[in-house]
Amino acid sequence: MESSVTDLRHFQRGSLPEGFRQTLIDVHADAYADQMDDPFHQRFAWFVDHWSSTEGFTCVVTYDGDEPTGFAYGAPATSGREWWRDCGYTPATGRTSTYAVSEVMVRPRWRKQGLSERLHEALLKERAEDLAVLLVDVDHPRVQALYESWGYERVGERQPFADSPLFAVMVKDLRT
């Protein structure tokens, strides 16, 4: 099925339009409709506020007409606090500047059309960092396999919050 989504819009900290926050919250509520009783998912607005106020925050949102269909966002990781740091992982090149991909999300109606990969590629296309890192729920092996097909390597696990799932830490070298 060919995607009807043709509009990719780029956003960054400091120039977010009115309604941006609510757009992300609405997409998340649709994408996780069956899990919204989970306190971790109920805190998504906090994560949006945290990430969108982080220095270097960037976001790509896809639209089908005026309808937001998905998004990907993240920001440069703080040196020394990269998610891979506690996993015993050492970048082969020794280069450690890292972009943390916090979210890649597509609403159910638009899934299985390649949107997540388009969002991910658009988010990382112009990054200057050496590495990208993301977290994937360990209970979602198909999602891990998808990221591996995009060049990520699983390097460990972490649970960043007491009520969060256990995540696989996945790293991709952006310079190869």
Side-chain angles (χ1 to χ4, degrees), residues 1-77 83 99-129 132-152 160-161 163-165 167-168 170 172 174:
M1 173 185 219
E2 183 63 30
S3 172
S4 60
V5 178
T6 57
D7 193 7
L8 272 164
R9 300 181 196 168
H10 296 260
F11 301 95
Q12 61 187 13
R13 179 177 171 258
S15 61
L16 300 175
E18 186 174 329
F20 175 82
R21 177 182 190 265
Q22 192 61 48
T23 295
L24 299 188
I25 291 168
D26 292 347
V27 169
H28 174 268
D30 188 22
Y32 288 95
D34 61 337
Q35 299 175 47
M36 287 309 292
D37 58 340
D38 180 334
F40 183 70
H41 285 291
Q42 292 172 0
R43 288 202 325 267
F44 183 71
W46 179 88
F47 289 101
V48 170
D49 293 342
H50 167 77
W51 282 94
S52 64
S53 65
T54 300
E55 187 68 37
F57 169 82
T58 57
C59 180
V60 179
V61 181
T62 54
Y63 289 84
D64 185 350
D66 291 332
E67 188 78 20
T69 60
F71 62 83
Y73 71 68
W83 297 336
Y99 184 84
V101 178
S102 178
E103 296 288 348
V104 178
M105 190 174 305
V106 176
R107 294 172 63 194
R109 185 172 140 206
W110 288 274
R111 290 182 183 155
K112 307 257 187 253
Q113 300 180 37
L115 284 182
S116 59
E117 187 171 16
R118 279 184 64 200
L119 284 162
H120 177 264
E121 286 178 5
L123 183 68
L124 295 181
K125 185 177 182 186
E126 314 253 338
R127 298 307 317 168
E129 292 82 9
V133 65
L134 52 78
L135 304 177
V136 179
D137 188 325
V138 297
D139 291 334
H140 295 110
R142 288 175 43 197
V143 178
Q144 288 180 60
L146 177 67
Y147 288 127
E148 287 171 351
S149 76
W150 298 352
Y152 283 86
F161 301 97
D163 64 343
S164 75
F167 292 109
M170 302 190 76
K172 174 182 173 114
L174 298 176

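In what follows, residues are counted from 1 in the order of the sequence shown.
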Tyr99 side chain vs Gly74 backbone, donor-acceptor pair below 3.5 Å: yes

Using atom types as modelled and distance alone, determine if a side-chain donor or acceptor of Gln144 lies under 3.5 Å from a backbone N or O of Val136. no

The residue among Leu119, Leu24, Leu16, Leu123 that forms side-chain contact (heavy atoms from CB on, under 4.5 Å) with Cys59 is Leu24

Carefully, step by step, assess Met36 and Phe44 under the rule side chain to side chain contact (heavy atoms under 4.5 Å, CB included). CA-CA 10 Å; Met36 287 309 292; Phe44 183 71; 6.0 Å; no

Considering all heavy atoms of both residues, which atom of Trp51 and which atom of Ala100 are nearest to each other, and what is their separation? CH2-CB, 3.8 Å

Looking only at heavy atoms, which two atoms of Asp137 and Pro165 are closest? And how far apart? OD2-CB, 3.4 Å

Arg107 pairs by side-chain hydrogen bond (donor to acceptor under 3.5 Å, both in side chains) with which of Thr69, Asp64, Asp30? Asp30

Parallel under 30°, tilted from 30 to 60°, perpendicular over 60°: which one fits the rings of Trp150 and Tyr147? perpendicular

Treating Arg111 as the side-chain partner and Val106 as the backbone partner, does any N or O pair qualify as donor plus acceptor under 3.5 Å? yes

Out of curiosity, His28 NE2 to His41 NE2, how far, rounded to the nearest 0.5 Å? 5.5 Å

Could you check, using the six-membered ring where one of them is a Trp, whether His140 and Phe167 have ring centers closer than 6.0 angstrom? no

When rounded to the nearest 0.5 angstrom, what is the spacing between CZ in Arg109 and CD in Glu67? 6.5 Å

Measure from NZ or CZ of Arg9 to the centre of the six-membered ring of Phe20, then state whether that distance is under 6.0 Å and the direction lies within 45° of the axis. no

Out of curiosity, Arg43 CZ to Ser164 OG, how far, rounded to the nearest 0.5 Å? 8.0 Å

Between Ser53 and Arg13, which heavy-atom pair has the shortest distance, and what is it? O-NE, 2.9 Å

Assess the pair Phe161 and Phe47: is the distance between their ring centroids shorter than 6.0 Å? yes

Rounded to the nearest 0.5 Å, the CD1 atom of Ile25 sits from the CH2 atom of Trp46 at a distance of 13.5 Å

Centroid-centroid under 6.0 Å between Tyr32 and Phe40 rings: no

Step by step, work out the side chain to side chain contact (heavy atoms under 4.5 Å, CB included) result for Tyr152 and Val133. CA-CA 8 Å; Tyr152 283 86; Val133 65; 6.0 Å; no

Please report the interatomic distance NZ(Lys125) to CG(Leu174), rounded to the nearest 0.5 Å. 14.5 Å

Could you go through Phe71 and Glu103, starting from their C-alpha distance and side-chain angles, then the distance that decides it, and tell me whether this counts as side chain to side chain contact (heavy atoms under 4.5 Å, CB included)? CA-CA 7 Å; Phe71 62 83; Glu103 296 288 348; 3.8 Å; yes

Gap between atom CD of Glu18 and atom OG1 of Thr23 - 0.5 Å precision: 10.5 Å

Taking every non-hydrogen atom, the tightest pair across Gly56 and Arg127: O-NH1, 4.3 Å

With a 3.5 Å distance limit and no angle check, can you tell me whether Thr54 reaches the backbone of Ala75 through a side-chain donor-acceptor pair? no

side-chain hydrogen bond (donor to acceptor under 3.5 Å, both in side chains) for Asp26 and Gln22? Distances and angles first, verdict last. CA-CA 6 Å; Asp26 292 347; Gln22 192 61 48; 2.7 Å; yes

Shortest non-hydrogen pair, Val138 vs Ala168, comes out as CG1-N, 3.5 Å

Search all heavy atoms of Pro108 against all heavy atoms of Ala31 and return the closest pair with its distance. CD-CA, 3.9 Å

Step by step, would you call Phe11 with Thr58 a side chain to side chain contact (heavy atoms under 4.5 Å, CB included)? CA-CA 6 Å; Phe11 301 95; Thr58 57; over 6 Å; no

Minimum side-chain heavy-atom gap Asp7-Thr62 below 4.5 Å: no

